[in-house]
Amino acid sequence: MRVSTLVDDYLLLWILASVLVGVLVPAVGVITELSTLILAVMVGSVSLTLSLGEFREVDVPGLGSILLGHVAMPVVALAIARALGLSPALTAGFVLLGAVTPELVTPTMTKLAGGDTALASIALVVIGFGSSLFIPAVVTVLLGGRVAVDGFAVVTQLLVAVVIPMVLAIGIRARYTDPVASREALYSSVSAVMVVLIIGGVTAENAALIRGNVDTLAVVGVGGLLLNAVGYALGWLSSVSSDRETRIAAALSVGMRDFAVAAALVVAAGFPAAASLPAVLFGIVEMLSSAVLVRVFR
């Protein structure tokens, strides 16, 4: 069995294992000191799979539906956190989770589900480029100073760890199309390894909170499930006038939030450590639900 197959096909198990290691070995939290580098590698490796040819025939109404759902997600996240009576730190984690880019493997999941892969890829890039402005604005407006956040650090981290690696990777793919494309299967595996590393690190940072607050874990898990389900519904319903392939891409692009990006930003941008907990639990929920949706759509 190839290493890439072992990583990709059993990603959920690797994530669960990283969470377990993080809880049992808090020292693993030292990984978070490299969160910016890990995030840059994760984004850049996936972006190497995006070819310029996928951007030539964009479904404009479908893209509009995805962007509309994306803008609504942090508001939905805030409403869920407040309804559950969560602390300011956990509320901040939910808002950030709602505001980040779609999950980096959304185009892959869309392809497996029979959806419009090009549309999912375009949405990922457009939202990725806009994240350096959108996320700080959302955090400022929705949290209103209830959690101390360094806005400059958020923008800097997004530029360094998301926007610049994405631009460079797409440019390299365009310039060296054949050599880069020949190794395409490897890039998602590299990204998956980065996901496992960052989730294990942020879990370790919250090991004490996780061990001593089972009730909190249950409530945050319910919140993650609700955010995930509402996201799928928003994407599906907002594209009701489009064809089935577009609606599948919209549902997955809105419902799948990049939990690893959210977890890394919590550490890098100065959020309280507990704010990464929604991202960790959401990641487990999302991996399970997206696999089920792929089977349903197919």
- Query: Looking only at heavy atoms, which two atoms of Ile248 and Ala113 are closest? And how far apart?
  - Reply: CD1-O, 3.6 Å
- Determine, using the 4.5 Å side-chain heavy-atom cutoff (strictly less than), whether Val160 and Phe129 are members of one ILVMFWY cluster. no
- Do the side chains of Leu86 and Val285 join up, straight or via other hydrophobic residues, at under 4.5 Å, putting them in one cluster? no
- Task: Indicate if Leu16 and Leu197 have the same hydrophobic cluster label, given that clusters are the connected sets of ILVMFWY residues with side-chain heavy-atom separations under 4.5 angstrom.
- Result: yes
- Query: Counting heavy atoms not belonging to Trp14, are there more than 12 under 6.0 Å from its CH2?
  - Reply: no
- Query: Taking Arg82 for the side chain and Thr91 for the main chain, is one N or O donor matched with an acceptor at less than 3.5 Å?
  - Reply: no
- If you round to the nearest 0.5 Å, how far is CG of Leu237 from OH of Tyr232? 14.5 Å
- Might you point out which heavy atoms bring Met194 and Ile38 nearest each other, and give the distance in Å? O-CG2, 3.5 Å
- Ile135 CD1 to Ile127 CD1 distance, which is reported to the nearest 0.5 Å: 10.0 Å
- Query: Taking the inter-plane angle between the rings of Phe134 and His70 on a 0 to 90° scale, is it parallel (under 30°), tilted (30 to 60°) or perpendicular (over 60°)?
  - Reply: tilted
- Query: Is it true that Val190 and Leu168 fall in one hydrophobic cluster, defined by side-chain heavy atoms closer than 4.5 Å?
  - Reply: no
- Message: Quick check: closest heavy atoms across Ile66 and Val254, and the distance to 0.1 Å?
- Response: O-CG2, 3.8 Å
- Within the distance-only criterion (no hydrogens, no angle test), does the side chain of Ser253 pair as donor or acceptor with the backbone N or O of Ala250 below 3.5 angstrom? no
- Determine the minimum heavy-atom distance between Thr110 and Ala120, stating which atoms define it. OG1-CB, 3.6 Å
- Heavy-atom closest pair, residues Ala262 and Ala279: CB-CB, 4.1 Å
- Task: To the nearest 0.5 angstrom, please state how far the CG atom of Leu90 sits from the CG atom of Leu84.
- Result: 10.0 Å
- Task: Quick one: pull up CG in Asp116 and OG in Ser121 and give me the separation to the nearest 0.5 Å.
- Result: 8.5 Å
- Query: Ignoring hydrogens and geometry, is there a side-chain-to-backbone donor-acceptor pair from Arg257 to Val100 under 3.5 Å?
  - Reply: yes
- Message: With a 3.5 Å distance limit and no angle check, can you tell me whether Ser65 reaches the backbone of Ser238 through a side-chain donor-acceptor pair?
- Response: yes
- Message: Measuring only between side-chain heavy atoms, which start at C-beta, is Thr203 closer than 4.5 Å to Ser18?
- Response: no
- Where do Leu227 and Val76 come nearest, in terms of heavy atoms and distance? CD1-CG1, 4.0 Å
- Message: With rounding to the nearest 0.5 angstrom, report the OG to CG distance, Ser239 to Leu63.
- Response: 12.0 Å
- To the nearest 0.5 angstrom, please state how far the CD atom of Glu286 sits from the CD1 atom of Ile15. 8.5 Å
- Is there side-chain contact between Arg295 and Val292, with heavy atoms separated by less than 4.5 Å? no
- Give the cluster check for Leu68 versus Val75: same hydrophobic cluster or not, with ILVMFWY residues linked at side-chain heavy-atom distances below 4.5 Å. no
- Query: Does the side chain of Leu277 come within less than 4.5 Å of Leu217's, by heavy atoms?
  - Reply: yes
- Item | side chain to side chain contact (heavy atoms under 4.5 Å, CB included) assessment of Phe94 paired with Val220 | CA-CA 9 Å; Phe94 266 101; Val220 173; 4.1 Å; yes
